[in-house]
Amino acid sequence: MNSDNWQWWQYFLAIAEQGSLSRAADKLAVSQPTLSRQLQAMEAQLGQPLFDRSTQGLSLTDFGQGLLEECQHMQSSAQKLQRLATGQAQTLSGRVRLSANELMALHYLPALLSRFMQRYPQISLEVEVSNHASNLDKRDADVAIRMFPPTQLDVYCRRLFDIPLGFYASLEYLAQQGEPCDSQSLFQHRVLGYDRDPQFEEGARQLGMSVKNEQFLLRTDCLPLQLELAKQHAGIVVSHQTLCEAAGLIKLDVGIELPALPLYLVCHRDVQHNKKIRVLMDFLAETLELK
């Protein structure tokens, strides 16, 4: 293999993970013809095909499968080396990536991040907005705001506070549809649910209830849209108490005690001493509060 060894193995991993040249090319930000030529050159140098080609895409040959695990170990080591190098940085300039869900990003962060940039103008702050947990091992984010306890052993976390939840609806909706008084009557109403995200189903199961997304007549995985729909009298929403009260929504007593959401700041332990990551975590810990 030549001096491009690691790049070739990165190409190999991406193709194996994605199962197609087009998806792997998108992930790697290279053109599909370039990736195809690199794969052909790699296979020619190795003397054996790494993938079987079919109309269904690419699948690993036995030879390719035998190389995959060691290649994944190489990638994991490279990512750890990058995190450790980043963790030694002591300057207050450069890139930091923050991950937060939609409600946190829209309702809690804008004013805070404006103040952060005024205080640290040389830091380049990137904000990833997703309702799914970012991968800290792969540095999809340097700092994550999460509403569930971390399960990884290699993360550093700080618990900030709990966010109370409740069932809420507008006065106009309740005037039109009446007010549910228990769990049975609740689900005879138009509860705003999730589409593909299973968290409502999982939360209901933890409370001993069987609820499926398909039961909801109006559903979306976009949390701010759920809140806006409730404000526009479209149904009953489950959301943050303070956000709903600020929106003028009415809390419903339906005999279901919802557990509060714990709020955590999380980073990988390899970068916890990085100065710009530390100041971002300290700043958020000091300024984040219930809205």
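- Residues forming a side-chain contact (heavy atoms from CB on, under 4.5 Å) with Leu217 (at least two apart in sequence, or on another chain): none.
- Formation of a donor-acceptor pair under 3.5 Å by the Asp221 side chain with backbone atoms of Arg196 is found in this model.
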May I have the step-by-step check of salt bridge (charged side-chain N to carboxylate O under 4.0 Å, His left out) for Asp282 and Arg158, ending in yes or no?
CA-CA 10 Å; Asp282 288 344; Arg158 296 167 68 172; 2.7 Å; yes

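- The stretch residues 188-211 participates, sequence neighbours left out, in these ring pair (Phe, Tyr, Trp, His ring centres under 6.0 Å) pairs: Tyr173-His189, Phe200-Phe216.
- Grouping the Ile, Leu, Val, Met, Phe, Trp and Tyr side chains by contacts below 4.5 angstrom, directly or via other members, places Val238 apart from Leu106.
- Around the CD atom of Glu257, the shell of radius 6.0 Å holds no more than 12 heavy atoms that belong to other residues, nucleotides or ligands.
- A side-chain donor-acceptor contact under 3.5 Å links Gln226 to the backbone of Gly193.
- The backbone N or O of Leu50 sits less than 3.5 Å from a side-chain atom of Thr61, completing a donor-acceptor pair.
- Between the side chain of Asn213 and the backbone N or O of Pro198 there is no donor-acceptor pair closer than 3.5 Å.
- Partners of Glu179 according to the side chain to side chain donor-acceptor pair (under 3.5 Å) rule, which considers only residues two or more places apart in sequence or in another chain, do not exist here.
- Sorted by first and then second residue, the ring pair (Phe, Tyr, Trp, His ring centres under 6.0 Å) pairs with a member in residues 117-166 read Phe116-Tyr120; sequence neighbours excluded.
- For Asp253, the CG atom sits in a loose shell: 12 or fewer heavy atoms of surrounding residues, nucleotides or ligands are nearer than 6.0 Å.
- Within the 3.5 Å criterion, the main-chain N or O of Asp270 finds a donor-acceptor partner in the side chain of His268.
- Around CD of Gln176, the count of heavy atoms belonging to other residues, nucleotides or ligands within 6.0 Å exceeds 12.
- Every residue two or more places apart in sequence or in another chain was checked for a side chain to side chain donor-acceptor pair (under 3.5 Å) with Gln18, and none qualifies.
- Listed by chain and number, the residues in a side-chain contact (heavy atoms from CB on, under 4.5 Å) with Pro262 are Pro149, Arg159, Asp162, Tyr264 (sequence neighbours excluded).
- Within 6.0 Å of CD in Glu214 there are more than 12 heavy atoms belonging to other residues, nucleotides or ligands.
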